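We count ligands from 1, going down the list as the structure has it; atoms in each ligand are counted the same way. Here the structure is a predicted model, which means the values were calculated and not measured.
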Amino acid sequence: MEVKGRIALVTGAATGIGKSYAEELLNQGAKGVAICDINGEEGEKLYHTLASRHSKDRVLFCQCDVTDYLQFEDTFKTVIATFGHIDIVVNNAGIMNDRFWELEVDINLNGVIRGTLLAQRFMGIDKGGRGGVVLNTASNVGFNPYVSCPIYSATKAAIVSLTRAFGDQYHVGLTGVKIMAICPGATKSNLVRDVGKQLLYPRYEDAWRRDTASSTYQTPEHVAKSLVQILANGKSGSVWLVESGQPPKEITFSKH
Ligand SMILES: NC(=O)c1ccc[n+]([C@@H]2O[C@H](COP(=O)([O-])OP(=O)(O)OC[C@H]3O[C@@H](n4cnc5c(N)ncnc54)[C@H](O)[C@@H]3O)[C@@H](O)[C@H]2O)c1
């Protein structure tokens, strides 16, 4: 799907990769972008920056916690009331904190499930919608788990499976909603601020150093440009690695 003229809803869009998604979607001519984030202060700040750069008619900020189904549902309703419909949903909100693993699962995995189900409900042709595309944010650790963060890795692996199953032509035929996953490798952001407090036990830090020893940090802007390429060329159910500033590479899976 080409971005020009489309309406997009991006979760976790106040900072980091999601912020770059919102900026890039507007740069590529999106008609409307809804910045959805739990962080009201950063979300409002970004709203004002983007509204003055692009026009306030093309940007919306919705304070939204993806762990709260009713708030998330209201966000879809507000975006549709503002822009008329939604074409693209980017489920991007996430944390890395295995110490608060129940919250981590609720944001990273359940949040993406909620966002996917809401997209099917509000965009599905079977529900009176126009169809569209969902882009779920997994990670390179979704298929190459980090020993140092097993639970974070598990949430990302589950997103890959969710996307491959819901992205199948069976579901696309029913709903008209295509689903793909983007798997960024190490990217400069606030996701990892104090790793010692984000691993299940501080003693896992040596494993973290081994897991990340060969990481080359890319910019969030590169991930955002890759998102646009994936939206334009990716087939439903496909899973894309974006790592080390390289172009997106489709991951293939064999049946066993
Ligand atoms: N940075 C990396 O190296 C990297 C690599 C692979 C995947 N990812 C994934 O990319 C996504 C974005 O992460 P980032 O690196 O930009 O980190 P980030 O911390 O800069 O951004 C995450 C955003 O999600 C928001 N958020 C957190 N909890 C939320 C909730 N309950 N409801 C709504 N919004 C919430 C935060 O306020 C923040 O704006 C995450 O899913 C992350 O797992 C990041």
Side-chain angles (χ1 to χ4, degrees), residues 9-24 34-47 61-76 89-98 100-116 118 135-146 148-149 151-160 162-163 181-195 198 208 211-212 215-224 226-227 239-245 248 251:
L9 182 164
V10 185
T11 70
T15 67
I17 297 172
K19 176 179 175 183
S20 293
Y21 285 161
E23 286 170 338
E24 186 61 19
I35 302 157
C36 307
D37 205 290
I38 197 170
N39 185 338
E41 200 180 321
E42 289 299 323
E44 290 285 357
K45 213 157 75 184
L46 182 62
Y47 165 79
F61 171 64
C62 297
Q63 185 146 15
C64 169
D65 177 349
V66 298
T67 68
D68 182 334
Y69 185 85
L70 292 178
Q71 214 180 88
F72 208 172
E73 182 185 37
D74 274 348
T75 299
F76 270 75
V89 170
V90 186
N91 287 311
N92 164 75
I95 62 167
M96 194 205 89
N97 199 323
D98 273 12
F100 296 100
W101 60 267
E102 284 165 309
L103 177 64
E104 184 180 58
V105 172
D106 208 12
I107 296 172
N108 294 12
L109 176 57
N110 298 350
V112 170
I113 295 173
R114 289 182 193 98
T116 303
L118 285 166
L135 221 302
N136 290 331
T137 305
S139 163
N140 58 324
V141 308
F143 43 88
N144 287 326
Y146 277 4
S148 56
C149 37
I151 303 161
Y152 178 75
S153 298
T155 65
K156 297 303 186 180
I159 293 170
V160 169
L162 178 86
T163 303
I182 183 167
C183 301
T187 307
K188 289 175 202 148
S189 79
N190 290 327
L191 189 75
V192 184
R193 288 175 210 230
D194 185 352
V195 76
Q198 294 176 246
W208 172 261
D211 283 335
T212 55
S215 299
T216 311
Y217 281 80
Q218 61 193 353
T219 63
E221 291 79 11
H222 171 74
V223 182
S226 302
L227 173 98
V239 176
W240 296 84
L241 175 66
V242 178
E243 193 173 49
S244 309
I251 302 296

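At the shortest separation from atom 43 (O) of ligand 1 among protein heavy atoms lies Tyr152 OH, 2.6 Å. Of the protein's non-hydrogen atoms, Asp37 OD1, 3.5 Å is the one closest to atom 36 (C) of ligand 1. Protein heavy atom nearest atom 3 (O) of ligand 1, with residue, atom name and distance: Thr187 N, 2.8 Å. In terms of protein heavy atoms, atom 31 (N) of ligand 1 is closest to Asp65 OD1, 2.9 Å. Of the protein's heavy atoms, Pro184 O, 3.1 Å lies nearest to atom 6 (C) of ligand 1. When only non-hydrogen protein atoms are considered, atom 20 (O) of ligand 1 lies nearest to Thr15 OG1, 3.2 Å. Ranking the protein heavy atoms by distance from atom 23 (C) of ligand 1 puts Gly12 O, 3.6 Å first. Residue, atom and distance of the protein heavy atom nearest to atom 44 (C) of ligand 1 are Leu191 CD2, 3.6 Å.
When all heavy atoms are compared, the tightest approach of Val192 to Met96 is CG2-SD, 4.1 Å. Taking both residues in full, the closest heavy atoms of Asn91 and Gly111 are given as OD1-O, 4.4 Å, listed atom of the first, atom of the second, then distance. The two atoms that bring Ser215 and Tyr146 nearest to each other are OG-OH, 3.8 Å, heavy atoms only. Gln198 and Leu191 make their closest contact through NE2-O, 2.8 Å (heavy atoms, listed as atom of the first residue, atom of the second, distance). For the residue pair Ile38 and Gln63, the shortest heavy atom distance occurs at O-NE2, 2.9 Å.
For ligand 1, one of its N or O atoms has an N or O atom of Asn92 under 3.5 Å away. Residue contacts with ligand 1: Asn108 is placed with no nitrogen or oxygen under 3.5 Å of a nitrogen or oxygen of the ligand (distance criterion only). Backbone and side-chain nitrogen or oxygen atoms of Asn140 are examined, and none is located within less than 3.5 angstrom of a nitrogen or oxygen of ligand 1. Ligand 1 has an N or O atom lying under 3.5 Å from an N or O atom of Lys156, backbone or side chain. Residue-to-ligand polar distances place Val66 within reach of ligand 1: an N/O pair is separated by less than 3.5 Å.
Set against the non-hydrogen atoms of Gly185, the atoms of ligand 1 under 4.0 Å away are 3 (O), 5 (C). Close approach of ligand 1 to Ser139 (heavy-atom distance below 4.0 Å) involves ligand atoms 6 (C), 7 (C). Close contacts between ligand 1 and Asn39 involve ligand atoms 37 (O) [criterion: under 4.0 Å to a heavy atom]. Every atom of ligand 1 with a heavy atom of Ala93 under 4.0 Å away is listed here by number and element: 24 (O), 33 (C), 34 (N), 35 (C), 41 (O). When each atom of ligand 1 is checked for a heavy atom of Gly16 under 4.0 Å away, the hits are 16 (O), 20 (O). Those atoms of ligand 1 that come under 4.0 Å of a heavy atom in Cys64, given as number and element, are 32 (N), 33 (C). For ligand 1 and Ala138, the ligand atoms under 4.0 Å from any heavy atom of the residue are 7 (C). Every atom of ligand 1 is numbered from 1 in the order shown, and the set under 4.0 Å from a heavy atom of Ile17 is 10 (O), 15 (O), 16 (O), 44 (C).
Without hydrogens or angle criteria, Asn92 side chain to Gly12 main chain gives a donor-acceptor distance under 3.5 Å. Between the side chain of Gln71 and the main chain of Asp65, a donor-acceptor pair closer than 3.5 Å is present. Between the side chain of Thr187 and the main chain of Gly185, a donor-acceptor pair closer than 3.5 Å is present. Glu23 places no side-chain N or O within donor-acceptor distance of the main-chain N or O of Ala224, the cut-off being under 3.5 Å. Remark: side-chain polar atoms of Asp98 are paired, donor with acceptor, to backbone N or O of Tyr152 under 3.5 angstrom.
Residue Thr11 places every heavy atom at 4.0 Å or more from ligand 1.
Checked by atom type, the side-chain pair Asn136/Thr163 shows a donor-acceptor distance below 3.5 Å. Side-chain contact annotation: Asn140 with Asn144, donor-acceptor N/O pair under 3.5 Å absent.
The line from CG of Asn108 to CG of Asn97 is 10.0 Å long, rounded to the nearest 0.5 Å.
When the heavy atoms of Ile38, Thr212, Ile35 are ranked by distance to atom 29 (C) of ligand 1, first place goes to Ile38.
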- Kindly determine whether Asp37 and Glu42 satisfy side chain to side chain contact (heavy atoms under 4.5 Å, CB included), including the steps that lead there. CA-CA 9 Å; Asp37 205 290; Glu42 289 299 323; over 6 Å; no
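Contacts of Ala186 with ligand 1, taken as heavy-atom pairs under 4.0 Å, involve the backbone alone.
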